[in-house]
Structures are given as structure tokens and as C-alpha cells.
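Report on the structure given below.
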Amino acid sequence: MRENVKTERAGTVKKFCCLLLAAALLLTLGACGKKETQPTMVYVDEGTQETEEKPVRDTAILYTAGTAARDPSFFAALSTYRDECTYQYLRSYVGLIDLGGALDVTDGEDALYTKLDLMITLGYETAALSPADFRGGVDTLLLAANAAQFPILCGNLVVAGTDSAPLSAWTLASYGGLRVAYVGLAAPENGQTAYRTEDGQSYELADAAASLRTAASAARAAGAQYVIVLASCGAERAAALVKEGTGADAFLDGAGDGGESRTLTDAAGKEVLYSGLDPAQDSVGVLVIGADGTLRAQITTELGEKSGGMLDHLASLGYDVQAAQTAEAESVSDGTAESGTGEE
């Protein structure tokens, strides 16, 4: 009887030691992987709506403007640029949006629809309106917007005398569960705010600041973690809109000066990141939503020198490009060895 007790105790002690050893191994593995220092964010499952906190990387959103003045070679360069952003394995998700000019018919309707086809092929997620988009009239604008196959946003274009809008004011994008709302606003060209279709329907550009407040509030209620304004209005007007219309986290302007990003302040005293593209340049901006929740933006005009310029651009955003290249080289080397395709 006493021997059985001793045996049971010995077994219990042995199991306890095994558990301690397993726990120690798990802690060691966790320390090796440095999971305790990896940034996390709450993600939302689109199907079940369940939330889960898990490690993330930065999300990069590429933005363009004035695409009406560009030929297909710009889109080819942009496609390569985006692929290189993704290839570096420095960001989990890469979005693509346009700030205005997608529906400009200056080069004719054939060129317009060719451009839209290119944008659809590239995977543009949404676009705002610029004053140039109204040059073909509201009829053409609305027809082209319906053909775009991605949301064309404009919250302040309404049926005259009403709040009824023919286009969506905002759209919600999900990057691995990170929810970003894009709000589109239009600025008038040469002071024109009233438009009429061929069948006599009247439209007008309503107060943009009020539209921003309404859209931002609705987007937040729908679960948006960030609200990004897309417009082509110039830095001075953008600052006024931000000050009058609260709710934005960033303001991307397709009629800017192409300079460095800066901070604006809204009516509630909240800081709003501003970045303005120069529509006359073949440039692309990158808005980075950091894993730590911070926002930063930078513009590059080096699409023709992507190999070296891209790495310099990533380094300027604070990434250890050399470490990423080393990791990628090791990954390629391991893959070659495992597949047995290496040279003897």
C-alpha cells in the first residue's frame, strides 16, 4: 500500500516537472520570437463580426491625383511601384486610391474609359472628384462614375435644394480587419457650384465642411478606426475645411504643392495629417498607418528610378531596408535549397 502511494507521488512529481519544463520551453520560444514586443491591433472578422487582437504590420495606402493627364505608362510605373512596396514584406496591406481627375474628359470619352479600365485593372479601391471631373458635364460624370466599378465619392454633390446625393459620401475599406473610411469632397472650379443635366435635373455643391462632419460621424458609427478625406481643393481650403468640419484623421489633397506633409488642427483641437500632391507631376503619395496607430505620409516623384529610389523612400519612412533585404535573400536561398534547383 505504502509502495503504491510512493509510486503515485513519484508519478505526480514527474508530471509536474514535465509541465514546468513545457512552460519553460514555451517561454523560451516566446522570447526567441520576441512576440511580447510585436505590435498588435484589434481586428474585425468580416463574416462573424468577432474581434481579435493579433500582431500586425504597417498598412500603406498609395494615392494619386490628376490621372486624366497621364498616359498608360504612368499606370505601368505605378503598378511596379506598388508591387515593390508589397515585395519588401515591410507592410501587410497596400491600398490604392485616387484624389481626383479620374473622370476628366479633356482627352475625349474614349481616353476616359480606357483610363477607367486601367484603374479597374490596377485595383483602385475608390476615387474622389476634382473640379476637372465636371468639365464634361454632370451627365458624363454620372455615367462614368457608374462605369468605374469602384466607388466615386462626393458627399457634397446633391440634387439642388435637397440633401439627396447621387454619389456615395464615404466608403469603408478593410485591411486585414483594420477599418479605414474614405470621405470624398468636391471643390468648385472658378466658383461654379450649380450644374444641370440634359434632362433638366439641377445639382449643386453643398457645404463641404457640413458634409465632412456628417460622413465622418456615419463612418465612425459603422466601425471606422480612421477617417481619411480625399479632395482636390488646395492647402488653404483644406485647412479651412478641417477647421470647420471635425472627424478626420488625415486629409489627402490632389491639388497641393507636392511638398512635405504637415499637421492641421480641427475645431476640437485634434491634429489632422495633411498631404498634398501636385497634379502636374507624375507623383504618388504613401500614407502609412503604423502598427502603433500613428500616421505619416510622403510623396515620391521617382517612379522612373524605382529600383534605387524605392529603397531610399522606404528607408526615409523609418524602415530597416538592409535587414529586410537580408531576410529576403535568406528566404530565397532556403527556397532554392529545398527545391533542389540550385547549381552544383
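For clarity, every value in this text was computed on a predicted model and none was experimentally measured. Atom set for the values below is all heavy atoms of this structure, side chains included, hydrogens, waters and symmetry mates excluded.
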Exercise. Are any of the side-chain nitrogens in Asp266 or Arg213 under 4.0 Å away from the carboxylate oxygens of its partner?
Worked result: no
For this session: Apply the test side chain to side chain contact (heavy atoms under 4.5 Å, CB included) to residues Thr301 and Asp278: give CA-CA distance (whole Å), side-chain angles for both, the deciding distance (0.1 Å), then the verdict.
Result: CA-CA 10 Å; Thr301 57; Asp278 182 346; over 6 Å; no
Seminar exercise, completed: Here the pair of heavy atoms bringing Ala238 nearest to Tyr274 is CB-CE1, 3.6 Å
Exercise. What closest approach, in Å, do Leu99 and Ala65 show between heavy atoms, and which atom pair accounts for it?
Worked result: CB-CB, 4.1 Å
Exercise. Do we see a donor-acceptor contact under 3.5 Å between the side chains of Arg196 and Ser202?
Worked result: yes
Exercise. What is the minimum heavy-atom distance between Leu241 and Ala209, and which atoms define it?
Worked result: CD2-N, 3.5 Å
For this session: Could you tell me whether the side chain of Thr121 and the main chain of Asp117 form a donor-acceptor pair under 3.5 Å?
Result: yes
Exercise. Is there side-chain contact between Asp253 and Leu277, with heavy atoms separated by less than 4.5 Å?
Worked result: no
Exercise. Looking at Ala148 and Leu116, what are the two nearest heavy atoms and their distance?
Worked result: CB-CD2, 4.3 Å
For this session: Taking only Lys NZ, Arg NE, NH1 and NH2, and the carboxylate oxygens of Asp or Glu, determine whether Asp249 and Lys270 approach each other closer than 4.0 Å.
Result: yes
Exercise. For the hydrophobic clusters of this structure (ILVMFWY residues joined by side-chain heavy atoms under 4.5 Å, transitively), does one cluster hold both Leu157 and Val105?
Worked result: yes
Exercise. How far does CG of Leu141 sit from CG of Leu129, to the nearest 0.5 angstrom?
Worked result: 5.0 Å
Exercise. Is there a donor-acceptor pair under 3.5 Å between the side chain of Asp133 and the backbone N or O of Asp104?
Worked result: yes
For this session: Please check if the side chain of Gln225 supplies one atom and the backbone of Arg179 the other of a donor-acceptor pair under 3.5 Å.
Result: yes
For this session: Might you work through the side chain to side chain contact (heavy atoms under 4.5 Å, CB included) test for Met119 and Phe75, ending with a clear yes or no?
Result: CA-CA 8 Å; Met119 295 177 73; Phe75 292 100; 3.8 Å; yes
Seminar exercise, completed: Interatomic distance, CG@Leu112 vs OG1@Thr106, rounded to 0.5 Å, equals 10.0 Å
Exercise. Roughly how far, to the nearest 0.5 Å, is the OG1 atom of Thr193 from the OH atom of Tyr203?
Worked result: 15.5 Å
For this session: Determine the sole option in Ser232, Ser130, Pro131 for which the side-chain contact (heavy atoms from CB on, under 4.5 Å) test with Glu189 is passed.
Result: Pro131
Exercise. Can you tell me how far CD of Glu244 sits from CG of Asp207, rounded to the nearest 0.5 angstrom?
Worked result: 6.5 Å
Exercise. Does Glu204 use its side chain to pair, donor to acceptor, with the backbone of Ala194 at less than 3.5 Å?
Worked result: no
Problem set entry | Residue that, paired with Phe251, satisfies side-chain contact (heavy atoms from CB on, under 4.5 Å) out of Val242, Val227, Leu273, Ile228 | Val242
Exercise. Looking at CG of Leu287 and OG1 of Thr59, how far apart are the two atoms once the value is rounded to the nearest 0.5 Å?
Worked result: 9.5 Å
Exercise. Looking only at atom types and distance, does a side-chain atom of Asp139 sit under 3.5 Å from a main-chain N or O of Glu198, one as donor and one as acceptor?
Worked result: yes
Exercise. Can any side-chain N or O of Glu260 pair as donor or acceptor with the backbone N or O of Arg262 at less than 3.5 Å?
Worked result: no
Exercise. Hey, quick one: are Phe134 and Leu185 part of the same hydrophobic cluster, counting side-chain heavy atoms closer than 4.5 Å, chains of contacts allowed?
Worked result: no
For this session: Give me the one residue out of Leu252, Leu230, Leu172 that meets side-chain contact (heavy atoms from CB on, under 4.5 Å) with Tyr182.
Result: Leu230
Exercise. Judged by modelled atom types alone, do Tyr124 and Thr64 share a side-chain donor-acceptor pair under 3.5 Å?
Worked result: yes
Exercise. Are Tyr81 and Leu118 co-members of a hydrophobic cluster defined by side-chain heavy atoms under 4.5 Å apart?
Worked result: yes
Problem set entry | Shortest non-hydrogen contact between Ala187 and Leu205, atoms and distance | C-CD1, 4.0 Å
Exercise. Can you hop from Ile289 to Tyr63 via hydrophobic side chains spaced under 4.5 Å?
Worked result: yes
Problem set entry | Short side-chain to backbone donor-acceptor contact, Asn156 and Val158, under 3.5 Å | no
For this session: Output yes when a side-chain donor or acceptor of Arg296 lies under 3.5 Å from a complementary backbone atom of Gly290, and no otherwise.
Result: no
Seminar exercise, completed: dist Glu271:CD -> Thr263:OG1 (nearest 0.5 Å) comes out at 5.0 Å
Exercise. Given the rule in the side chain to side chain contact (heavy atoms under 4.5 Å, CB included) test, do Ile152 and Phe150 qualify, once you have shown the distances and angles that lead to the verdict?
Worked result: CA-CA 6 Å; Ile152 302 294; Phe150 53 83; 3.6 Å; yes
Problem set entry | Whether Arg82 side chain and Leu122 backbone form a donor-acceptor pair below 3.5 Å | yes
Problem set entry | Short side-chain to backbone donor-acceptor contact, Thr197 and Gln201, under 3.5 Å | yes
For this session: Determine the interplanar angle of the Tyr93 and Tyr175 rings, folded into 0 to 90°, and report it as parallel if under 30°, tilted if 30 to 60°, perpendicular if over 60°.
Result: tilted
Exercise. Do Trp170 and Leu167 share a hydrophobic cluster, counting only Ile, Leu, Val, Met, Phe, Trp and Tyr and linking them when any side-chain heavy atoms are less than 4.5 Å apart?
Worked result: no
For this session: Taking all non-hydrogen atoms of both residues into account, name the closest pair between Ile299 and Ser283 and its distance.
Result: CG2-CB, 3.9 Å
For this session: Determine, stepwise, if the pair Asp58 / Asp292 fulfils side chain to side chain contact (heavy atoms under 4.5 Å, CB included).
Result: CA-CA 8 Å; Asp58 292 353; Asp292 59 357; 5.6 Å; no
